[in-house]
**Q** 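Quick one: this structure, given as structure tokens, is what I'll be asking you about.
Just so we're clear, the structure is a prediction, and the values are computed from it rather than from any experiment.
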Amino acid sequence: MGIIQTSAEAADCETIQEFLDFLGRDDVARACSVKRNTVDTIIWRSAKIPANWFAAIEEMCVERRRGCPRHFFAFDRRKGAPKSYKEDGAR
């Protein structure tokens, strides 16, 4: 299989690949209802994790008593999305 990380090593995940490997790519795919290939593609493209996966992955982190690093997720507003009331300068 793969190398099983200790809790100390898991806390040191600095990359998305390390984080997804810690959680288990197959487990992430199952929890997020996607194919394993989709998880691998995120790593291969050095992309952020889709924001709509956050709830499932956060639950996995809670089960493993590990913090869920929000900066690994793509929470950025999409291009072309309407600006919020405050962003467009309206009063």
Side-chain angles (χ1 to χ4, degrees):
M1 196 119 148
I3 297 173
I4 298 174
Q5 296 178 317
T6 66
S7 296
E9 291 170 330
D12 294 330
C13 293
E14 294 182 12
T15 66
I16 291 171
Q17 179 176 350
E18 290 174 354
F19 178 63
L20 293 175
D21 285 342
F22 163 70
L23 294 175
R25 294 184 195 188
D26 289 326
D27 293 337
V28 169
R30 197 171 11 266
C32 296
S33 300
V34 297
K35 293 180 181 179
R36 161 68 190 261
N37 186 45
T38 303
V39 177
D40 293 338
T41 300
I42 288 169
I43 294 168
W44 177 73
R45 291 186 177 174
S46 298
K48 288 195 171 193
I49 303 168
N52 62 337
W53 295 12
F54 182 76
I57 291 177
E58 182 181 42
E59 186 175 319
M60 293 175 72
C61 290
V62 168
E63 290 171 359
R64 289 165 173 77
R65 296 186 176 139
R66 160 117 175 61
C68 191
R70 292 180 62 88
H71 65 280
F72 287 160
F73 293 83
F75 287 114
D76 300 341
R77 190 170 55 87
R78 293 182 181 178
K79 289 184 178 182
K83 292 182 178 181
S84 72
Y85 180 75
K86 290 184 180 180
E87 288 177 323
D88 67 9
R91 294 180 194 257

**Q** Return the set of residues passing ring pair (Phe, Tyr, Trp, His ring centres under 6.0 Å) with F54 (not counting sequence neighbours), or none when no residue passes.
**A**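 By the ring pair (Phe, Tyr, Trp, His ring centres under 6.0 Å) rule, F54 matches F73, F75.
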**Q** How far does CZ of R64 sit from CG of D27, to the nearest 0.5 angstrom?
**A**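 If I round to the nearest 0.5 Å, the distance is 5.5 Å.
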**Q** State the CD1-SG distance between I49 and C68, to the nearest 0.5 angstrom.
**A**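 SG of C68 is found 7.5 Å from CD1 of I49.
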**Q** What's the separation between atom OG in S33 and atom CG in N52, rounded to the nearest 0.5 Å?
**A**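 Interatomic distance, S33 OG to N52 CG, rounded to 0.5 Å: 10.0 Å.
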**Q** Determine the minimum heavy-atom distance between C61 and G67, stating which atoms define it.
**A**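 That closest heavy-atom pairing would be SG-O, 3.9 Å.
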**Q** What are the two closest non-hydrogen atoms of A51 and A74, and how far apart are they?
**A**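 For A51 and A74, the tightest heavy-atom pair comes out as CB-O, 3.3 Å.
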**Q** Between CD of E58 and CZ of R70, what distance do you get to the nearest 0.5 Å?
**A**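 Nearest 0.5 Å value for the CD-CZ distance: 7.5 Å.
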**Q** Got a sec, which residues hit side-chain contact (heavy atoms from CB on, under 4.5 Å) with A55, two or more places apart in sequence or on another chain?
**A**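 For A55, no residue satisfies side-chain contact (heavy atoms from CB on, under 4.5 Å) once neighbours in sequence are set aside.
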**Q** Decide yes or no for F72 and L20: does some side-chain heavy atom of the first lie under 4.5 Å from some side-chain heavy atom of the second?
**A**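 They are not in contact (no side-chain heavy atoms under 4.5 Å apart), so the answer is no.
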**Q** Output the distance between atom CZ (F19) and atom CD1 (I43), rounded to the nearest 0.5 Å.
**A**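 Interatomic distance, F19 CZ to I43 CD1, rounded to 0.5 Å: 11.0 Å.
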**Q** So which pairs with a foot in residues 39-49 pass side chain to side chain donor-acceptor pair (under 3.5 Å), sequence neighbours left out?
**A**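 Pairs touching residues 39-49 that pass the test: R25-D40, R36-D40.
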**Q** Please determine whether the number of non-hydrogen atoms from other residues, nucleotides or ligands lying under 6.0 Å from atom CD of E14 exceeds 12.
**A**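 Check fails, neighbour count at 12 or below.
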**Q** Rounded to the nearest 0.5 Å, how far apart are CD1 of I42 and CD1 of I16?
**A**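 One finds 8.0 Å between CD1 of I42 and CD1 of I16.
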